[in-house]
Amino acid sequence: MTKVLEVNDLHVSFQTYGGTVKAVRGVTFDLRKGETLAIVGESGCGKSVTSQSIMRLIPEPPGSIDSGSILFKGKDLTKLKEKDLRKIRGADISMIFQDPMTALNPTLTIGDQIMEGIMQHESMSKSEAKKKALEMMNLVGIPSPESRLKQYPHQFSGGMRQRIVIAMALVCEPEVLIADEPTTALDVTIQAQILDLFRDIQEKTGVSIILITHDLGVVAQVADRVAVMYAGKVVEAGSRREIFYQPQHPYTKGLLRSIPRLDIEGEELIPIAGSPPDLFSPPQGCPFSARCEHAMEVCDRVYPYTSALSKEHHVDCWLQDSRALAAASMK
Ligand code: SF4
């Protein structure tokens, strides 16, 4: 499958009064045409910073992309100037956020907000832009779109507002859609409808989606591939099946053990004890070692190599690497 986006060894940090926070520490992944890649992990693992870096939306300063590359259509987004980035944002790569109310301007009608994106990026007349806005309202399943275009955000329910945000993100037919926790603010029924909508839209438009979430239930429903992030690194990645049925990293296993299951009566949920490391001074070895029941002496001293378990399945864990013994003898 064609790669539409490649993130290579990305390092992102933030300067604070307390020191430098190393939020993203060498993240590498690619996104292929028409697929959904889910990036999962606890709060603070670097998943949102990674996605905002792709859009170059992190405030610089205090944030900075220290090294690495983000390749899109032969261009390295980390090197582009703001005026060139503005042409890409919304037109080629779009983003939707967790809370649809804060993503919408309460003082403008829905029609004006959807049309604004079209008129900014495409040379269309107002009536053409309106026609396109109506098409998008239909695509995301908003009934009576003609009259709804004249309404304001507060006149819509939470689920409808998220549909509008999705319509705004897709109006210029981007190749990549980044969805950062798009269903977290919605109740379960609406969440299911929005996930169905993602699948439907992807089938119709072929858009590639990066889904940022901490919710493995959502991942199980829509992802083709999954990257698990911990302490600013991708510690395991693979197809949805590999991550759910053959997880190898103790952190991924811990995440899966903490999901409630309806098919096992009286099942106890097992939380992952402890908390993530301080990213002001991240450990030099495996960042999960303080919480890992399998931690060995080498884990604290040396960060594990990436082991390939299949074409898609990769894990950073010494348990999977025959070089652990050699690493253990390193000074
Ligand atoms: Fe646990 Fe060591 Fe694997 Fe890290 S490298 S997850 S500490 S076994």
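Just so we're clear, the structure is a prediction, and the values are computed from it rather than from any experiment. In this chain, residues are counted from 1 in sequence order. Just follow the structure's listing: the first ligand is 1, and inside any ligand the first atom is 1.
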Inset, instruction - Please say whether the positively charged group of R148, taken as NZ for Lys or CZ for Arg, lies over the ring of F156, i.e. under 6.0 angstrom from the six-membered ring centre and within 45 degrees of the axis. - result: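 Yes, R148 and F156 form such a contact.
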Inset, instruction - Establish, for the pair K233 and Y303, whether the NZ or CZ atom is under 6.0 angstrom from the six-membered ring centre and no further than 45 degrees off its axis. - result: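 Yes, a cation-pi geometry.
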Inset, instruction - Verify, without hydrogens or angle tests, whether R86 (side chain) and K81 (backbone) share a donor-acceptor contact under 3.5 angstrom. - result: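 No: the side chain of R86 does not pair with the backbone of K81.
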Inset, instruction - Please confirm whether the backbone N or O of E312 pairs with a side-chain atom of H314, one donor and one acceptor, at under 3.5 Å? - result: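 Checked: pair present.
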Inset, instruction - Could you verify whether a donor N or O on one side chain and an acceptor N or O on the other, from Q246 and H313, lie under 3.5 Å apart? - result: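 Side-chain D/A pair, Q246 to H313: absent.
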Inset, instruction - Quick one: give me the number of protein N/O/S atoms under 2.8 Å from atom 4 (Fe) of ligand 1. - result: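 Near atom 4 (Fe) of ligand 1, the number of protein N, O or S atoms below 2.8 Å is 1.
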Legend entry - Minimum heavy-atom distance T109-K150, with the two atoms named: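 That would be CG2-O, 3.4 Å.
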